[in-house]
Amino acid sequence: MGIDISLFLEKLREEIKSYKVPVVELVSVQTRDPFKVLVATILSARTKDETTAKASERLFKVAPDSETLATLSQEQIKKLIYPVGFYKAKAGYLSNLPKALEAFAKKVPSDLDDLLTLPGVGRKTASLVLNVAFQKDAICVDTHVHRIMNIWGYVSTTTPLKTEMALRKKLPLHHWQEVNTILVTFGQGTCHPVSPHCDRCVLLDLCPKKGVTPRKIH
Ligand code: SF4
């Protein structure tokens with residue numbers, strides 16, 4: 001028998017109240033500005049939250065919107081966002097962003113396919129922007145969601161894209177918006193990719209722990 005996903009997410013919703021909020025959520029709580037949410041999401045890929053938060057702050061002081069971002073050179077952007085992961089490539093994406101947004105009246109679009117036309121925006125980023133900036137139903141599957149859903153045996157998939165497709169069929173709609181925030185926060189705080197803290201986990205008695213070797217259970 002499979003797990004009760006609503007029970008799992010309900011327990012974690014309570015559990016993560018005392019955890020640190022992921023940076024993109026934080027930006028959205030602070031601003032509700034789709035431009036800032038999009039830029040922070042692009043910066044956050046393969047980067048620690050603290051680094052993303054500081055880089056976003058430096059950049060937004062100089063370029064809080066698309067118009068001001070367009071006045072910066074790629075070199076200036078690079079200096080402002082350093083040391084986020086892949087800062088050179090990201091400076092290139094951000095430098096091209098204002099031009100790409102012109103197709104959408106200089107506003108961040110609220111449609112998945114439109115978002116996917118923007119530089120540096122893949123499915124994960126687009127889904128997160130839809131969730132966080134526009135409160136739209138999309139499932140943002142990153143490595144934490146993919147990994148933990150497989151550990152729970154709720155899906156049995158080999159890639160984040162396959163996980164997203166499986167969740168679209170199976171996960172009740174009312175969980176779509178919250179699942180990324182819950183599992184990213186929980187994945188960073190307890191169910192780590194290496195050596196998850198099963199010893200202090202609220203799901204210890206319920207979790208099937210698929211693929212988690214006994215060595216990793218402390
Ligand atoms: S029991 Fe362990 S593997 Fe299962 S969710 Fe908790 S930390 Fe992750």
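Along the sequence shown, residues are numbered consecutively beginning with 1. In each ligand, atom 1 is the first atom listed, and ligand 1 is the first ligand listed. Below, all heavy atoms of this structure are taken into account, side chains as well, without hydrogens, waters or symmetry copies.
Ligand-side atoms of ligand 1 in range of W152: 5 (S), range being under 4.0 angstrom from any heavy atom.
The shortest side-chain heavy-atom distance between L97 and S66 does not fall under the 4.5 Å cut-off.
Under a hydrophobic-cluster definition in which Ile, Leu, Val, Met, Phe, Trp and Tyr are linked whenever side-chain heavy atoms come within less than 4.5 Å, directly or via other members, V212 and L206 are assigned to the same cluster. Hydrophobic clustering, with ILVMFWY side chains joined whenever heavy atoms are under 4.5 angstrom apart, groups I151 together with L171.
Of all protein heavy atoms, the one closest to atom 3 (S) of ligand 1 is I151 CG2, 3.6 Å. Closest to atom 2 (Fe) of ligand 1 among all protein heavy atoms lies C198 SG, 2.3 Å.
Here C207 meets the criterion, with an N, O or S atom under 2.8 Å of atom 4 (Fe) of ligand 1. Atom 8 (Fe) of ligand 1 has C191 among its coordinating residues (N/O/S atom, backbone or side chain, under 2.8 Å).
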Verdict with supporting geometry, R13 and E10, salt bridge (charged side-chain N to carboxylate O under 4.0 Å, His left out):
CA-CA 5 Å; R13 215 178 290 127; E10 187 188 317; 5.5 Å; no

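No donor-acceptor contact under 3.5 angstrom links the side chains of N150 and S156, judged on distance only.
Only the side chain of C201 comes within 4.0 Å of ligand 1, counting heavy atoms alone; its backbone N, CA, C and O stay farther away.
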